[in-house]
Each structure stands twice: as structure tokens, then as C-alpha cells.
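What follows is a short report on a single structure.
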Amino acid sequence: MTNPTGHEIAEALGLLLRRGARAGLHARLTEGLGEAVDELTYPVLSGLARTGPCSAADLGREVGLDRTTVTRRADRLEEAGLLRREADPGDRRATLLVLTDAGHGVVRTTRERLAARIEDSLASWPAADARAFARLLRVFVDEGPFHA
């Protein structure tokens, strides 16, 4: 093995990025937040919180889903009052998906739950190691192979 560190990180990322691992985490984060919010719709809410108002096609590219799937999931979220559709001011023929205040609240809640789960999982780490991990992970995300 010519680069054991690279292989070790690649293996860990493979486990982290598995669809099943993400879906399970999303299911735990969205528990009790209403019928419309689950492991299927959460990526739409979270992606929309990152991008701001955007089309279903653009959001699909952001979260790795096709436009039709985003539209179906957005329908559920709209019925629950978590997002709304607005005319695109730059192109009146196009429609933007926009989080409502309630949608922002759900995203805040799930992100707080995620942060708490992460904190719990790092509780046995020395504080300096946890801070170093956070700092180095940010550098890896910003400068590593996934950086656009």
C-alpha cells in the first residue's frame, strides 16, 4: 500500500457517505417533527437552507436527487407549511422553492440535534483533540478532493 493514510481516510469516508448511514441518521434527527419531515424530505429542507431559494432542478443537483423527486418531496413539505413556491424574479416562467419560518425552525432543530449527537460522540475525546479534529475536518472539506 503506497499511501496508507489516504486509503484509511477513503475507507472511513466510504462508510460515512453510504446512503443507508445518511438515511438512518436523518431518521433519528427528524423523529417527532411531523409526518412531512423524515429521512426522505430532510435532505430537501437542509439543502434549501444551504442554498437559499432555488429551483427544484438546482436543489436536486445540490442534494443528489433528480428534479422530479425533489418536486414530490417539496409537495409534502409545502402541504406541511415548511416551504412555499414563489415565481423566480429573474424568470417569471420559473418557480423557486423557499423555506418558510417553520421550515427554518425544523432545520435549526435538526442541526441542533446533530450537533448534540456529535458532541456526545466526542465526549470521551480530549477537548484539544476534538477541537483539532473539527479544525482539520474543515480544512479537508474546504481544500480536499470534494472541494469544487
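This chain uses plain numbering: 1 for the first residue, then up along the sequence. All values reported here derive from a predicted model rather than from experimental measurement.
Looking only at side-chain heavy atoms (C-beta outward), V44 and R76 stay at 4.5 Å or farther from each other.
Cluster annotation: V63 is connected to L45 through the hydrophobic network of ILVMFWY side chains, with a link wherever side-chain heavy atoms come within less than 4.5 Å. Cluster membership check: I9 shares its hydrophobic cluster with F146, using side-chain heavy-atom separations under 4.5 Å among Ile, Leu, Val, Met, Phe, Trp and Tyr. In the hydrophobic cluster analysis, where Ile, Leu, Val, Met, Phe, Trp and Tyr join through side-chain heavy atoms closer than 4.5 angstrom, L15 is grouped apart from I118. If you chain together hydrophobic residues whose side chains sit under 4.5 Å apart, L29 and L33 never meet in one group.
The ring-ring contact (aromatic ring centres under 6.0 Å, His included) check on F133 picks up W125, with sequence neighbours excluded.
Once rounded to the nearest 0.5 Å, the distance linking CZ of R73 with OG1 of T41 reads 8.0 Å. A distance of 12.5 Å separates CD of E112 from CD of E119, quoted to the nearest 0.5 Å. With rounding to the nearest 0.5 angstrom, the OG1 atom of T110 is 12.5 Å from the CZ atom of R117. Distance check: T51 OG1 to L59 CG gives 5.5 Å after rounding to the nearest 0.5 Å. Considering CG of L13 and CD of E8, their distance stands at 11.0 Å, rounded to 0.5 Å. Rounding to the nearest 0.5 Å places CG of L82 at 11.0 Å from CG of D101.
Shortest non-hydrogen contact noted between G81 and T100 is O-OG1, 2.6 Å. In plain terms, the two heavy atoms of L96 and S55 that are nearest each other are CD2-N, 3.8 Å. In this structure, L48 and C54 approach most closely via the heavy-atom pair CD1-SG, 4.0 Å. Nearest heavy atoms, E39 versus P43: O-CD, 3.3 Å. Across L77 and A36, no two heavy atoms sit closer than the pair CD2-O, 3.7 Å. For the pair A57 and R67, the tightest heavy-atom approach, listed with the atom from each and the gap, is N-CG, 3.8 Å.
Open room surrounds CD on E31; 12 or fewer heavy atoms of other groups in view lie less than 6.0 Å from it.
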Query raised in the report: Would L25 and L114 satisfy side chain to side chain contact (heavy atoms under 4.5 Å, CB included), going step by step from the backbone distance to the final call?
Result: CA-CA 9 Å; L25 177 62; L114 177 57; 3.9 Å; yes
Requested in this report: Give the intermediate values and the outcome of side chain to side chain contact (heavy atoms under 4.5 Å, CB included) for residues R85 and L97.
Outcome: CA-CA 5 Å; R85 288 174 164 90; L97 302 174; 3.8 Å; yes
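Using a 4.0 Å cut-off between charged side-chain N and carboxylate O, D66 and R72 make no salt bridge.
Checking side-chain atoms of T30 against main-chain N and O of H26 turns up a donor-acceptor pair under 3.5 Å. In this structure a side-chain-to-backbone donor-acceptor pair under 3.5 Å is present from R28 to G24.
Among pairs with a residue in residues 137-148, those fulfilling salt bridge (Lys or Arg N to Asp or Glu O under 4.0 Å) read R138-D142, at least two apart in sequence or across chains.
Summarising the hydrophobic clusters (Ile, Leu, Val, Met, Phe, Trp, Tyr; side-chain heavy atoms under 4.5 Å, direct or chained), the residues clustered with L40 are none.
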